[in-house]
Chemist: 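Handing you this structure, nothing more for now.
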Amino acid sequence: AMPGASAIIYDTEGTLNPEARFTSLSTGFDELKDIDWHADEQFHFTDLSRYSGDEFFKIFRDSLGEKEKNGKDYLRTTPFLDMNANERKCLYPTMSLIDSFSKFQVSAVADMYAKNAIGSSGLNMDAMANGKAKNQLFGQLPLVCAKSGTYMILTAHVGDVINMEMYPTDKRNLSEMKKDTVLKGVSSGFYSLPNNVFDIMSNKPLLNKDKMPIYPLDNATAIQGDSDLRILEVKNLRGKGGMTGLPFNLIVSQTEGMLPALSEFHFCKEAAWGIGGNLQNYYVELCPEVKLSRTTVRKKLNEDSKLRRAVEIQSELLQLIMFQRWTAE
């Protein structure tokens with residue numbers, strides 16, 4: 001989508017096979033389907049089999065230092081103007097993902113594991129050593145990212161807090177978190193420094209009362225109990241740019257990945273807004289010539305870019321109607 005941009009993924013769990021997975025998922029996107037993920041210069045992947053967490057972060061930080069030092073080589077012109085009507089310039093963006101930060105481990109802790117048996121006193125400080133390193137990483141991230149046009153995404157595991165107190169107090173680190181839950185293996189910076197902290201509150205199969213997929217890809221091959229299509233309830237626990245605590249739904253396919261257009265259509269349909277016709281046969285108001293039904297809408301959204309764009313616009317209009325906090329004069 002943006003020539004010159006680059007992305008790097010660090011897998012701390014050794015469970016991601018990105019080349020095969022990305023190749024499979026990218027077939028549904030015109031701008032991605034021809035990419036050779038094994039050899040693409042804009043995409044880089046590594047994991048714990050090659051680098052410990054601190055080794056990865058040093059390489060990552062040093063490479064961004066080169067980008068900062070030679071900033072003129074990484075500038076591009078934007079369509080936006082400054083106060084003097086000159087075109088603004090920005091650094092090519094860099095995207096980075098650490099999946100997951102909960103399992104991020106530094107070499108000092110790996111050495112402790114190598115030298116001590118499980119359960120021995122020599123491992124009593126492993127969590128403290130790893131936590132200290134994560135705090136140091138978070139202390140550096142804001143400056144490193146801001147100076148180099150970098151956007152960092154971190155995932156974490158949610159765990160339950162077991163209260164031993166007779167009258168437990170509310171110990172939530174963010175007010176919108178579920179009670180008695182905590183983000184596992186992260187530093188305090190995880191709660192205070194990110195621009196957004198999103199919580200996937202639930203993950204359920206998108207089935208009707210007959211246990212059939214609500215939006216099958218092909219009705220002729222739909223199978224009862226097929227749970228490939230899921231609906232995620234997501235909440236922004238901390239947002240520097242807007243509202244927090246308001247749940248919203250996203251639809252994903254376990255084989256196809258995130259489905260933006262179907263999510264947007266479902267949002268409008270659930271709100272009974274911008275959808276014409278009847279319960280069985282309907283259309284979106286901005287693209288009325290395309291006839292839809294529950295069993296065909298997913299396939300037609302995949303095939304028709306004009307329909308996807310119409311659904312996107314309608315979804316955004318509905319969001320403005322529902323969430324806009326000001327009125328026009």
Side-chain angles (χ1 to χ4, degrees), residues 6-18 43-69 93-162 171-174 177 180-200 237-240:
S6 59
I8 183 168
I9 294 176
Y10 178 55
D11 175 18
T12 68
E13 302 174 2
T15 58
L16 181 62
N17 183 350
F43 172 76
H44 311 277
F45 171 82
T46 191
D47 63 13
L48 76 170
S49 68
R50 295 192 62 187
Y51 302 110
S52 62
D54 52 313
E55 291 169 339
F56 162 77
F57 186 68
K58 184 179 186 308
I59 294 169
F60 174 71
R61 185 186 59 203
D62 291 347
S63 64
L64 294 180
E66 286 295 314
K67 183 181 176 184
E68 179 191 346
K69 190 187 305 179
T94 300
M95 298 295 301
S96 182
L97 166 65
I98 297 178
D99 184 23
S100 69
F101 196 61
S102 296
K103 296 299 181 181
F104 186 92
Q105 186 181 105
V106 297
S107 53
V109 174
D111 291 342
M112 292 170 67
Y113 290 156
K115 295 174 182 177
N116 297 276
I118 294 174
S120 68
S121 60
L123 295 181
N124 289 347
M125 304 297 286
D126 64 333
M128 184 175 292
N130 219 40
K132 180 180 178 182
K134 290 180 180 182
N135 264 324
Q136 292 169 349
L137 182 150
F138 257 105
Q140 297 178 50
L141 267 183
L143 185 63
V144 169
C145 292
K147 284 190 171 185
S148 57
T150 299
Y151 299 83
M152 174 68 81
I153 301 172
L154 305 166
T155 69
H157 298 210
V158 178
D160 294 325
V161 175
I162 301 175
K171 297 183 175 67
R172 282 178 286 192
N173 289 284
L174 294 169
M177 290 181 69
D180 297 329
T181 61
V182 67
L183 299 182
K184 299 169 66 174
V186 302
S187 72
S188 58
F190 205 103
Y191 296 99
S192 59
L193 292 175
N195 289 330
N196 294 283
V197 179
F198 291 101
D199 179 19
I200 298 176
L237 303 180
R238 181 178 190 278
K240 289 187 176 179

Chemist: By salt bridge (charged side-chain N to carboxylate O under 4.0 Å, His left out), which residues pair with Asp62, not counting sequence neighbours?
Modeler: Lys58
Chemist: Hey, is NZ on Lys134 packed in by over 12 heavy atoms from elsewhere, all under 6.0 Å?
Modeler: yes
Chemist: Search all heavy atoms of Tyr10 against all heavy atoms of Gly53 and return the closest pair with its distance.
Modeler: OH-N, 3.3 Å
Chemist: side-chain contact (heavy atoms from CB on, under 4.5 Å) with Leu97: which residues, sequence neighbours excluded?
Modeler: Ile9, Asp99, Ile153, Thr155
Chemist: Can you list the residues that meet the ring-ring contact (aromatic ring centres under 6.0 Å, His included) rule with Phe104, with sequence neighbours excluded?
Modeler: Phe101
Chemist: Indicate whether any N or O donor in one side chain lies under 3.5 Å from an N or O acceptor in the other, for Ser100 and His157.
Modeler: yes
Chemist: Go through it in stages, so that I can follow the logic: the residues are Thr12 and Gln105, the test is side-chain contact (heavy atoms from CB on, under 4.5 Å), and I'd like the CA-CA distance, side-chain angles, deciding distance and then a yes or no.
Modeler: CA-CA 8 Å; Thr12 68; Gln105 186 181 105; over 6 Å; no
Chemist: Compare every heavy atom of Thr94 with every heavy atom of Lys67, then report the nearest pair and how far apart it is.
Modeler: NZ-OG1, 2.8 Å
Chemist: Please give me the minimum heavy-atom distance between Phe190 and Ala156, naming the atom from each residue.
Modeler: CZ-CB, 3.8 Å
Chemist: According to salt bridge (Lys or Arg N to Asp or Glu O under 4.0 Å), does anything in residues 8-17 pair up with another residue at least two apart or in another chain? List the pairs.
Modeler: none
Chemist: I need the Lys184 NZ to Lys103 NZ distance, nearest 0.5 Å.
Modeler: 6.0 Å
Chemist: Can you name the residues that form a salt bridge (charged side-chain N to carboxylate O under 4.0 Å, His left out) with Lys69, not counting sequence neighbours?
Modeler: Glu66
Chemist: Throw together a table of side-chain donor-acceptor distances under 3.5 angstrom for residues 141-149, partners on residues two or more places apart or in other chains.
Modeler:
residue : atom : partner : partner atom : Å
Ser148  : OG   : Val144  : O            : 2.6
Ser148  : OG   : Thr150  : OG1          : 2.8

Chemist: Could you work out, with ring-ring contact (aromatic ring centres under 6.0 Å, His included) as the rule, every residue matching Phe45, not counting sequence neighbours?
Modeler: none
Chemist: Ignoring hydrogens, what is the shortest heavy-atom contact between Val106 and Ser52? Give both atom names and the distance.
Modeler: C-CB, 4.2 Å
Chemist: For Phe57, give me all partners under ring-ring contact (aromatic ring centres under 6.0 Å, His included), at least two apart in sequence or on another chain.
Modeler: none
Chemist: Could you pull out all residues at least two apart from Arg61 that satisfy side chain to side chain donor-acceptor pair (under 3.5 Å)?
Modeler: Gln140
Chemist: Taking side chain to side chain donor-acceptor pair (under 3.5 Å) as the definition, give me every residue that meets it alongside Gln136, ordered by chain and number, with sequence neighbours left out.
Modeler: none
Chemist: In residues 191-200, what donor-acceptor pairs under 3.5 Å come from side-chain atoms, sequence neighbours left out?
Modeler:
residue : atom : partner : partner atom : Å
Tyr191  : OH   : Asn173  : ND2          : 3.4
Tyr191  : OH   : Leu183  : N            : 3.1
Asn196  : OD1  : Asn236  : ND2          : 3.0

Chemist: Nearest 0.5 angstrom please: Leu64 CG to Ile59 CD1, how far?
Modeler: 12.0 Å
Chemist: What's the separation between atom OG1 in Thr46 and atom CD in Glu55, rounded to the nearest 0.5 Å?
Modeler: 10.0 Å
Chemist: What pair of heavy atoms forms the shortest contact from Ser96 to Phe56, and how long is it?
Modeler: OG-CZ, 4.3 Å
Chemist: Applying side chain to side chain donor-acceptor pair (under 3.5 Å), name anything that partners Ser49, two or more places apart in sequence or on another chain.
Modeler: Asp47
Chemist: Report the distance from atom CD1 of Ile98 to atom CZ of Phe60, rounding to the nearest 0.5 Å.
Modeler: 7.0 Å
